[in-house]
Q: 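Handing you a structure now.
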Amino acid sequence: MDTLCKQCPRQCNISRGNEYPGSSKLPGVCHAPALPVVSRAGLHHWEEPVISGERGSGTVFFAGCNLNCVYCQNYHISSQVQGKLISVERLQEIYQELIALGAHNINLVTPTHYSKVILQSLQTPLPVPVVYNTNSYDSVDMLKKFESKVQIYLADYKYADNALAQRYSGVRDYAQVAWDAIQEMYRQTGDYVIDDNGIMQKGVIIRHLILPNAVENTLQVIKKVSEQFAPGQVLFSLMRQYLPCGEVSPERFSEINRTVSDEEYELIEEALYTSGIEDGFVQDGSSASDAFIPCFDGTGV
């Protein structure tokens, strides 16, 4: 597999072969080969309750990313592309192994830059829902190819403010590109469905991570979601789990070198509860802990 890559809105148009040096030296923003590099596969219990359930979500963590978020909690796999190069056939085997362990779903984390090979891996329908767990910097044309292959979109909406998107994730057009992608996701799935056991079967969860010193960005996100979607259409997950990671330090990006304060969160929570958004999830301050970050040691790969 060796093509000029236009899988995501970056449109890098570079050749992605299958040479994998085990570092981030490959060209393109994602620094990844064409075949998937996977850092961990296993049952994950720390997603939203409707995804993790009691048995866990069958999560496949892909290495590399088409964003460059300076604060990424998975920085060493997203930016340094640490993991194991595998074939499409091995990826399909991993799905079956996770299902055999009791996974409620197959959860593809950071899949965008491997869209083509993931599509190949999903040619045969799975007996559990497929979750596309994305930063939402996705091409609408590529997302359309996943119709009927993906049942649940677990979609970030990081920024309504493109100045923040440029500073922290290296993209100037995130707000509109991601919003267009989310509209396509909803078009495909329709209103969310949760079964009698409390497990999501189809639909969209819009996730938003609160950043310190960025309250207005979050308020804009809440307003945008509340104006676009009515109760019963999507779930909204407001995440307070931010902690300084990646490139963030007292010397670099010092304005986000702390967790979200109680004052910031209380202001945001009040806005959420008066917004008309009824369906979803919130987190308390204890979620801002590295105890919830998986160990990316190649387990299950």
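None of these values were measured; they are calculated from a predicted model.
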Q: Would you say Asp138 and Thr134 are linked by a side-chain donor-acceptor pair, where the criterion is simply a distance under 3.5 Å?
A: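 The answer is yes; a qualifying pair exists.
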Q: Assess whether atom CZ of Arg167 is packed by more than 12 heavy atoms of other residues, nucleotides or ligands within 6.0 Å.
A: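 For Arg167, atom CZ is crowded (more than 12 foreign heavy atoms under 6.0 Å).
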Q: Hey, what's the ring geometry for Phe296 with Phe61, parallel, tilted or perpendicular (30° and 60° as the breaks)?
A: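 Ring orientation, 0 to 90° scale: perpendicular.
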Q: Tell me, please, which residues at least two apart from Gln241 pass side chain to side chain donor-acceptor pair (under 3.5 Å).
A: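 For Gln241, the residues satisfying side chain to side chain donor-acceptor pair (under 3.5 Å) (neighbours in sequence not counted) are Gln283.
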Q: With a 6.0 Å cut-off (strictly less than), is the heavy-atom count around CD of Glu97, excluding the residue itself, greater than 12?
A: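 Count over threshold, so yes.
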Q: So, Tyr186 versus Phe229, ring centres under 6.0 angstrom or not?
A: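 Between Tyr186 and Phe229, the centre distance is under 6.0 Å.
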Q: How far does CD of Gln201 sit from OG1 of Thr189, to the nearest 0.5 angstrom?
A: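 With rounding to 0.5 Å, CD (Gln201) is 13.0 Å from OG1 (Thr189).
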Q: Would you say the side chains of Ser237 and His208 form a donor-acceptor pair under 3.5 Å?
A: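 No, no side-chain donor-acceptor contact under 3.5 Å.
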Q: How about Phe253 and Tyr71: are their ring centres within less than 6.0 Å of each other?
A: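 No.
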Q: Check whether more than 12 heavy atoms from other residues, nucleotides or ligands sit under 6.0 Å from atom NZ of Lys145, and answer yes or no.
A: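 Atom NZ in Lys145 is not packed in, count stays at 12 or less.
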Q: Is Arg10 reaching over with its side chain to a backbone N or O of Asn66, donor-acceptor style, under 3.5 angstrom?
A: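 Confirmed, Arg10 side chain pairs with Asn66 backbone.
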Q: Look at Glu216 together with Lys223 and state whether they make a salt bridge at an N to O cut-off of under 4.0 Å.
A: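 Salt bridge absent between Glu216 and Lys223.
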Q: Does Ala178 have any side chain to side chain contact (heavy atoms under 4.5 Å, CB included) partners at least two apart in sequence or in another chain, and if so, which?
A: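 Side chain to side chain contact (heavy atoms under 4.5 Å, CB included) list for Ala178, sorted by chain: Ser136, Tyr157, Tyr174.
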Q: Would you say Lys202 has more than 12 foreign heavy atoms packed within less than 6.0 Å of its NZ?
A: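 Result for NZ/Lys202: enclosed.
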Q: Classify the side-chain pair Asn133/Asn107 by whether it contains a donor and acceptor separated by less than 3.5 Å.
A: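 Yes, because at least one side-chain N or O of Asn133 sits under 3.5 Å from a partner of the opposite role on Asn107.
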Q: Using the salt bridge (charged side-chain N to carboxylate O under 4.0 Å, His left out) rule, take Arg207 and Glu47 through it: C-alpha gap first, then chi angles, then the decisive distance, then the call.
A: CA-CA 11 Å; Arg207 280 177 161 176; Glu47 305 284 32; 2.5 Å; yes
Q: Which ILVMFWY residues are connected to Tyr192, directly or by a chain of links, through side-chain heavy atoms under 4.5 Å apart?
A: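 For the cluster that includes Tyr192, the remaining residues are Val50, Ile51, Val131, Ile152, Leu154, Ile194, Met200, Ile205, Leu235, Phe281.
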Q: Could you tell me whether Arg240 sits above the aromatic face of Tyr265, with NZ or CZ closer than 6.0 angstrom to the six-membered ring centre and within 45 degrees of the axis?
A: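 Judged by the rule (NZ or CZ under 6.0 Å from the ring centre, within 45° of its axis), Arg240 counts as positioned above Tyr265.
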Q: When you measure from the side chain of Gln11 to the backbone N and O of Lys6, does any donor-acceptor pair fall under 3.5 Å?
A: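 Yes: the side chain of Gln11 pairs with the backbone of Lys6.
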Q: Using a 3.5 Å distance criterion without hydrogens, assess whether the side chain of Ser79 forms a donor-acceptor pair with backbone atoms of His76.
A: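 Absent.
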